There are 2 protein chains.
Amino acid sequence: MTPATQVDQADWDHPATIYTVAERAGVSHQTVSRYLKGESLRPRNRERVEQAMKALNYRVNAEARALATKKSHRIGAFVFDIDDWAPQRVLAGAAEAAREAGYILDILRVDPTDAPSVDDAVSLMNRTTLAGAVVISPSDTVLKQLRLERLKVPYAVEAEPVLTDGDDRALQHPFAQVVSHLADLGHERFFHVGGPRTWLTARNRLAAYREVIARRGLRSCGETAGEWGAAAGYEAMSSYPLDQAPTAIVTASDQCALGVLFWLQEHGIRVPDDVSVSGYDGIVDAAYYWPPLTTVAVDFALMGRNTVRSLLVSSGLGEAGREMPLGRLIARASTGRPGSGISEV
Amino acid sequence: MTPATQVDQADWDHPATIYTVAERAGVSHQTVSRYLKGESLRPRNRERVEQAMKALNYRVNAEARALATKKSHRIGAFVFDIDDWAPQRVLAGAAEAAREAGYILDILRVDPTDAPSVDDAVSLMNRTTLAGAVVISPSDTVLKQLRLERLKVPYAVEAEPVLTDGDDRALQHPFAQVVSHLADLGHERFFHVGGPRTWLTARNRLAAYREVIARRGLRSCGETAGEWGAAAGYEAMSSYPLDQAPTAIVTASDQCALGVLFWLQEHGIRVPDDVSVSGYDGIVDAAYYWPPLTTVAVDFALMGRNTVRSLLVSSGLGEAGREMPLGRLIARASTGRPGSGISEV
DNA sequence: GGTACCGGTGTTACCGCTAACGTATGCGGG
DNA sequence: CCCGCATACGTTAGCGGTAACACCGGTACC
């Protein structure tokens with residue numbers, strides 16, 4: 001019978017604790033605790049503790065620590081529209097940033113149309129001890145419903161600065177790029193298929209649209225508002241009077257643009273010969289829409305990262321360093337020189 | 001100065017504990033603990049405890065319980081391709097099932113191409129005490145990388161039964177539906193644009209394809225393998241010799257089908273007049289592809305539910321009851337009676 | 001009527017960690 | 001030489017639950 005090595009023993013029976021580590025290192029458990037907290041130790045002891053930890057394969061017990069400190073290494077994330085592309089990417093980025101910082105993201109999916117479920121979610125957050133909370137891609141409505149001030153933990157909301165009409169910064173918004181791109185091609189009559197006005201992101205895109213229109217002396221033939229998906233794009237086209245024959249349709253999302261393309265196809269309107277269409281978001285599939293969709297690729301994951309980071313910073317943990325997400329225009333075949341435009345159909 | 005109500009007091013200062021509840025109810029803390037565990041109490045005491053809990057807004061402290069029992073009510077979820085549609089839905093289902101069973105799902109997103117991050121994730125899982133772990137939509141490659149045997153907790157992998165050629169159950173696979181649908185329309189020459197062979201799901205779809213082909217005496221003009229996205233579908237079409245003029249192209253995913261449609265469009269091949277195309281998954285956008293895509297809507301969420309359930313069952317917790325996920329054929333304009341097929345292009 | 005049994009209850013200890021305080025040691029200054 | 005002070009370390013007491021055991025009154029049994 002060969003004796004088990006010390007590692008295996010501690011590993012399987014019961015995982016090593018600071019007490020077993022302390023015993024092996026010949027110090028008190030508190031010294032081990034201090035090592036964990038990064039406080040200063042006498043070099044000799046530090047070395048011994050390190051060796052003991054390695055030998056016993058020590059892992060800190062997150063629950064015990066959480067119980068003692070009343071702090072956890074978990075971040076709650078309020079998520080709403082998990083089906084849409086952008087929020088998903090934001091979430092992915094947030095999850096990644098959290099993991100890098102040694103936190104786990106507890107995802108709490110909430111149906112914004114179901115008021116009691118929103119309340120449940122908030123109280124659930126309060127119940128379990130969390131390091132903080134992040135709110136991913138919220139519309140104003142859910143933000144209002146959440147009443148975040150109820151949260152007893154620090155929180156961060158993923159949000160861009162609010163742009164209003166006439167705000168210079170609107171020209172810096174990535175959405176302005178695609179409008180300018182169309183203007184550069186010679187378009188003068190635009191139509192905006194927008195997202196839900198309850199979303200700041202949709203309003204900002206609209207603001208950027210208006211700003212470019214105004215600054216460059218162009219004409220807007222209309223602005224619609226709807227959901228983010230393809231159905232909304234289709235809906236917008238079929239219900240809006242296009243009597244001013246716009247030559248460029250700028251949509252607030254790629255999926256929305258898909259619905260627009262579908263409607264145009266259905267009505268025998270050629271893209272980009274008759275009318276140009278642009279999307280926004282930069283989803284991968286957009287390259288395979290017919291025709292391939294001009295869009296602006298946005299680094300949504302970075303926005304998620306930033307939200308988590310700013311939460312950690314505001315809690316005094318983690319270092320700052322917020323990179324601004326930039327959009328990158330991807331010009332494809334769905335935009336070209338102005339055509340005849342759409343009139344009556 | 002109005003005195004705060006008892007609720008607010010306990011709520012804000014420090015949350016109620018079983019001790020404060022016990023004191024208020026006039027029993028010992030252990031009686032409260034027994035109430036929590038669902039053991040029997042004298043009716044009078046039960047009532048008192050319940051009242052005290054409500055009055056103090058008591059919530060159990062998950063950390064403390066976990067520390068005492070060495071069990072947690074959290075399930076870790078390894079997630080890889082959060083970008084794709086199917087895994088996303090699976091995850092949502094898993095989260096829901098977990099919540100219903102009183103667990104929360106800790107989502108751990110891992111980049112499978114980044115080996116150290118995989119290791120980090122596993123050790124993070126081991127560090128925190130978890131009830132178990134589930135692996136969402138893994139390919140064989142990541143499964144190998146994970147080396148799940150390292151996990152010290154029970155785990156379940158989301159997986160369908162392995163289908164091999166000649167397996168009767170292959171005909172039950174939802175993918176068989178779409179192939180049969182095309183056969184019913186009169187198609188005899190098929191082409192399969194498949195997913196990555198490292199994925200069981202892709203292999204099973206292939207097996208179902210082959211089985212229908214074999215049983216109904218049809219002909220397969222080719223089988224390709226690639227990623228799940230549109231690019232792979234395009235790639236498959238452009239690189240494979242289609243000298244046998246298939247009249248039906250059955251793809252392993254909707255996104256993949258998008259790439260196929262694009263290629264066909266590019267080459268002036270009409271759908272479904274010349275060739276029929278089908279997808280799989282049932283993503284929402286598919287209704288707005290051109291032409292609208294025939295597909296099979298799969299209840300991926302249910303698969304996630306099943307995975308979590310089977311984890312709980314294998315841990316002796318929770319009851320069995322695994323419903324088989326069914327697919328629902330959605331016939332749209334991309335499939336029709338056989339056309340001339342594709343030959344040389 | 002004593003005894004065994006049993007459900008309901010209280011007491012004490014413990015899970016693995018941190019907080020708070022006490023104590024030993026070393027160093028500079030009066 | 002003593003004092004003050006800082007630093008390293010040990011001791012004790014909790015965090016909020018559960019586990020294990022002791023206990024107590026009542027019922028069933030011989």
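Everything numeric in this text was worked out from a predicted model, so none of it was measured. Letters A, B, ... are given to chains in the order of the sequence lines, protein chains preceding strands, and every chain is numbered from 1.
Here the nucleotide nearest the side chain of Thr69(B), chosen from dC9(D), dA19(D), dC17(C), is dA19(D). Checking dA13(C), dA19(D), dC17(C) against the side-chain heavy atoms of Asn61(A) singles out dC17(C) as nearest. Nearest nucleotide to the side chain of Ser40(A), out of dG16(C), dA8(D), dG10(D): dA8(D). With dA19(C), dT11(C), dA20(C) as the choices, the nucleotide that has an atom nearest any side-chain atom of Ser28(B) turns out to be dT11(C). Between dC17(C), dG16(C), dG17(D), one nucleotide has an atom nearer to the side chain of Leu67(B) than all others, and that is dG16(C).
Between Ile18(A) atom CD1 and dC9(D) atom C1' there is a gap of 14 Å when expressed in whole angstrom units. Per the geometry, CD belonging to Glu39(B) stands 14 Å off C1' belonging to dC21(D), to the nearest Å. Rounded to a whole Å, the CZ atom of Arg65(A) is 22 Å from the P atom of dG14(D).
In this structure, the side chain of Glu158(B) engages the main chain of Ser137(B) through a donor-acceptor pair within 3.5 Å.
The phosphate of dG10(C) has neither OP1 nor OP2 within less than 4.0 Å of any side-chain N or O from Tyr19(B). Residue Ser33(B) has a polar side-chain atom (N or O) positioned under 4.0 Å from OP1 or OP2 of dT18(D). Residue Arg42(A) places at least one side-chain N or O closer than 4.0 Å to OP1 or OP2 of dC9(D). For the OP1/OP2 pair of dC17(C) and a distance below 4.0 Å, the side-chain nitrogens and oxygens of Lys37(A) include no atom meeting the criterion. One finds a side-chain N or O of Lys70(B) lying less than 4.0 angstrom from the OP1 or OP2 phosphate oxygen of dG16(C).
Nearer the 5' end of DNA chain D, as judged by each residue's closest nucleotide, is the contact made by Pro43(A), out of Pro43(A) and Val32(B). Comparing Ala64(B) and Gln30(A) by the nucleotide of DNA chain C that holds the closest heavy atom to each, the one mapping nearer the 5' end is Ala64(B).
Contacts of Tyr35(A) with the nucleic acid, taken as non-hydrogen atoms under 4.0 Å apart, are absent. Looking at heavy-atom distances under 4.0 Å, Thr31(B) makes contact with sugar-phosphate atoms alone, never a base.
Tested against Tyr155(B) for a side-chain contact (heavy atoms from CB on, under 4.5 Å), the candidates Leu146(B), Val134(B), Leu148(B) yield a single pass: Leu148(B).
One donor-acceptor pair, N or O on each side, does fall under 3.5 Å between the base of dT18(C) and the side chain of His29(A). In terms of polar N and O atoms assigned as donor or acceptor, the side chain of Arg34(B) comes within less than 3.5 Å of the base of dG10(C) in a complementary pairing.
Look at Asp281(B) and Arg89(B) and you find no salt bridge, because none of the NZ, NE, NH1 or NH2 atoms lies under 4.0 Å from a carboxylate O.
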